[in-house]
Amino acid sequence: MSESIVVLDFGSQTAQLIVRRVRELGVYSELLPHDAPESAVRALNPRGIILSGGPASVYDPGSPQMPEWLPQAQLPVLGICYGMQLQSYALGGVVLRPDNREYGPATITLSAVSPLFAETPAEQPVWMSHGDRIEQLPPGFHPIAQNESTPFAAMGDETRHWYGVQFHPEVVHTAHGRTLLHNFLYRICGCHGDWQPANFVAEAVERVRARVGSDGRVICALSGGVDSAVAALIIHQAIGERLTCVFVDNGLLRLGEAEQVIDTFREHLHIPLVVVNAAEEFLAALEGVADPERKRKIIGEKFIRIFEREARRLGDAKFLAQGTLYPDVIESSAPDRKKGVTIKTHHNVGGLPADMQMELVEPLRYMFKDEVRAAGLALGLPEDWVWRHPFPGPGLAVRLLGPVSWPRLETLRKADNIFISELKAAGLYRSTQQAFAVLLPVQSVGVMGDGRTYADTIALRAVTTEDFMTADWARLPYDLLARISSRIVNEVDGVNRVVYDISSKPPATIEWE
């Protein structure tokens, strides 16, 4: 690897977003645990280190601390929020908890010239999210920026090339955050900027070859989404016919999805494909289950048992491949890691049984959705597949609130298909990053054909987002929403009410379960 920026993770929910921003600026980046050994960091040939934010206080017992090797590493360092407080605390400064915390938008004023803020205005809006603040800078540092609540909103030590900012440059609410990160990468770390998402394909192919070996066989779980498809193409490029894709029709798919998967992989990509019709197995296992976490666990285990069964039938397949992405990993983080909290368990991250017999291969585990799409286009995946909206691993089971049954799945399938087809017809599918229908466990009174009805409610959800870590609800035209609602009520039996979800993430998640 020619160069990288290593982000050390202290538990921030936006730690992966820092990695994404660095990659967008043309420099490869990976997220490592805050206590990763120096050898693991050096293996990535870092030109600099970024310390992420985090929920802890530096003076709390057991709070994550700065690696002992870092001050002598002779590498530029940028501390963000908790990372800045940690720099100050570890190097002789003073960190205290004031009476008032600072969350949300703020305006900082630059108080000194610094390469970190080159080509940015003297006053600029930023996004704050901190309870503690620095009261005294460590020796060798000087203040760079301030505001009324935070006397040291940014600090720097030009001699050792260490900098800290109390705000979050990685989020879009910090207007000049991209420029600040660019300055750190190129002016301070001296990066060359020679990384592009397409480069990941060659690196991923080599990693798969090293993991699987010269004679290992892999089963790849196809879900119908772009992630598992790109994972399959990378693995096929790495090991050829030693890959067999397995597509499990679990009865929880969108309308026409099974047929599309079969046609694309068998006829277009010519990759060996085994189709397993397991709808009855999944529905039997899910009977009466309403809790979303139980659904995920059941579905995750059922998938694994089916893949293990297929591996035995196919012979000696030792590895199971999945299209796990960065956002899957962060949202499934275990709470006992002291690095954030579990938002929900993804069936292909936290829902896997502990006694599974196969080893995992996850070539996309450190990629973001836009990078996967770029890789998919480079690998020849059809464009309409590349730009499909994300679909959860547990499928419609987590878009159908309450117990899962075949009639309720059919209702949801039809409503969802109407919503998506109308979005495409209006030319708005690509301008929304995720859109879907949800069947609620709520019935309400209606009037249809001069008669009283007591029928189901469909919720529509469409969001715009850059990274899927945060999202806003899509402002769809009223006439389009009216047409979609009318079609669903008229064409889907058992539905008499349609509502539109106008919640952002946070506080909501994109999916309902």
Side-chain angles (χ1 to χ4, degrees), residues 221-225 228 246-261 275-307 309 322 328 331-332 342-353 389-420 434-444 454-461 488 491-499 501 508-513:
L222 283 183
S223 68
S228 61
V246 175
F247 175 65
V248 178
D249 186 349
N250 59 7
L252 307 173
L253 304 173
R254 292 170 287 197
L255 194 65
E257 194 153 35
E259 294 79 4
Q260 182 188 25
V261 171
V275 179
V276 180
N277 190 337
E280 291 185 6
E281 285 187 61
F282 278 86
L283 289 177
L286 291 166
E287 185 176 1
V289 177
D291 179 74
E293 284 298 286
R294 281 195 64 204
K295 290 179 185 177
R296 283 186 165 83
K297 297 289 186 181
I298 290 169
I299 292 167
E301 180 166 6
K302 182 61 66 175
F303 266 121
I304 293 301
R305 299 311 175 208
I306 290 173
F307 292 132
R309 188 172 70 206
Q322 296 189 136
D328 300 338
E331 289 195 341
S332 296
T342 298
I343 307 301
K344 60 186 177 184
T345 298
H346 289 262
H347 90 284
N348 59 337
V349 181
L352 301 180
H389 287 179
F391 188 57
L396 296 181
V398 291
R399 292 179 177 175
L400 185 159
L401 277 59
V404 178
S405 67
W406 188 256
R408 298 189 77 214
L409 283 167
E410 287 292 273
T411 296
L412 180 55
R413 248 188 285 273
K414 293 173 184 176
D416 184 78
N417 185 62
I418 290 170
F419 184 25
I420 298 304
Q434 195 161 351
F436 53 91
V438 179
L439 179 58
L440 304 184
V442 174
Q443 291 189 315
S444 62
Y454 195 66
D456 288 327
T457 301
I458 289 288
L460 304 178
R461 177 74 156 148
I488 290 174
E491 298 176 29
V492 182
D493 292 339
V495 175
N496 69 355
R497 191 177 300 272
V498 176
V499 299
D501 183 350
T509 55
I510 295 176
E511 297 283 348
W512 277 49
E513 286 192 343

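- A salt bridge does not link Glu513 to Arg399: none of the charged side-chain nitrogens sits closer than 4.0 Å to a carboxylate oxygen.
- We find that Lys414 and Glu491 are not joined by a salt bridge, their nearest charged nitrogen and carboxylate oxygen being 4.0 Å or further apart.
- Here Asn250 contributes atom CG and Leu283 contributes atom CG; the two are 8.5 Å apart, rounded to the nearest 0.5 Å.
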(request) Assess whether side chain to side chain contact (heavy atoms under 4.5 Å, CB included) is satisfied between Phe247 and Asn277, documenting all intermediate values. (result) CA-CA 9 Å; Phe247 175 65; Asn277 190 337; over 6 Å; no

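- Between Ile488 and Ala415, the shortest heavy-atom contact is CD1-O, 3.9 Å.
- In terms of heavy-atom proximity, Gly494 sits nearest to Ala455 at O-CB, 3.3 Å.
- Leu460 has its side chain within reach of Val498: a pair of non-hydrogen atoms, C-beta onward, lies under 4.5 Å apart.
- In this structure, Leu396 and Leu253 approach most closely via the heavy-atom pair CD1-O, 3.3 Å.
- Nearest approach of Ile299 to Ala397, heavy atoms of both residues: CD1-CB, 3.6 Å.
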(message) Run Val495 and Thr411 through side chain to side chain contact (heavy atoms under 4.5 Å, CB included) and show every step you take.
(response) CA-CA 8 Å; Val495 175; Thr411 296; 3.7 Å; yes

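- At least one side-chain heavy atom of Leu409 sits under 4.5 Å from a side-chain heavy atom of Leu252.
- To the nearest 0.5 angstrom, Trp406 atom CH2 is 9.5 Å from Glu280 atom CD.
- The 12-atom threshold is not exceeded at CG of Asp493, counting heavy atoms of other residues, nucleotides or ligands nearer than 6.0 Å.
- Distance check, rounded to the nearest 0.5 Å: CG of Asn496 to CG of Asp456 gives 8.0 Å.
- Here CZ of Phe436 is found 10.5 Å from CZ of Phe391. Values are rounded to the nearest 0.5 Å.
- Distance check, rounded to the nearest 0.5 Å: CG of Leu401 to NZ of Lys295 gives 6.0 Å.
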(request) Run the numbers on Lys297 and Glu293 for salt bridge (Lys or Arg N to Asp or Glu O under 4.0 Å), then give the verdict. (result) CA-CA 6 Å; Lys297 297 289 186 181; Glu293 284 298 286; 5.6 Å; no

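- Side-chain N or O atoms of Asp416 include one that pairs as donor or acceptor with a backbone N or O of Ala437 at under 3.5 Å.
- Counting all heavy atoms, side chain and backbone alike, Ser228 lies closest to Ala221 at CB-O, 3.3 Å.
- Using modelled atom types, no side-chain atom of Arg254 and backbone atom of Arg413 make a donor-acceptor pair closer than 3.5 Å.
- Using a cutoff of 4.0 Å between basic side-chain nitrogens and carboxylate oxygens, Glu281 and Arg309 are scored as salt-bridged.
- In this structure, the separation between CG on Leu286 and CG on Leu400 is 10.0 Å, given to the nearest 0.5 Å.
- With contacts defined as side-chain heavy-atom distances shorter than 4.5 Å, the pair Ile418/Val492 qualifies.
- In this structure, Asp249 and Val276 have side chains that are not in contact, with every pair of non-hydrogen atoms separated by 4.5 Å or more.
- Looking at Arg461, its side chain never comes within 3.5 Å of a backbone N or O of Glu511 through a donor-acceptor pair.
- Among all heavy-atom pairs drawn from Phe303 and Val248, the shortest one is CE2-CB, 3.7 Å.
- Neither side chain, Arg497 nor Thr457, offers a donor N or O lying under 3.5 Å from an acceptor on the other.
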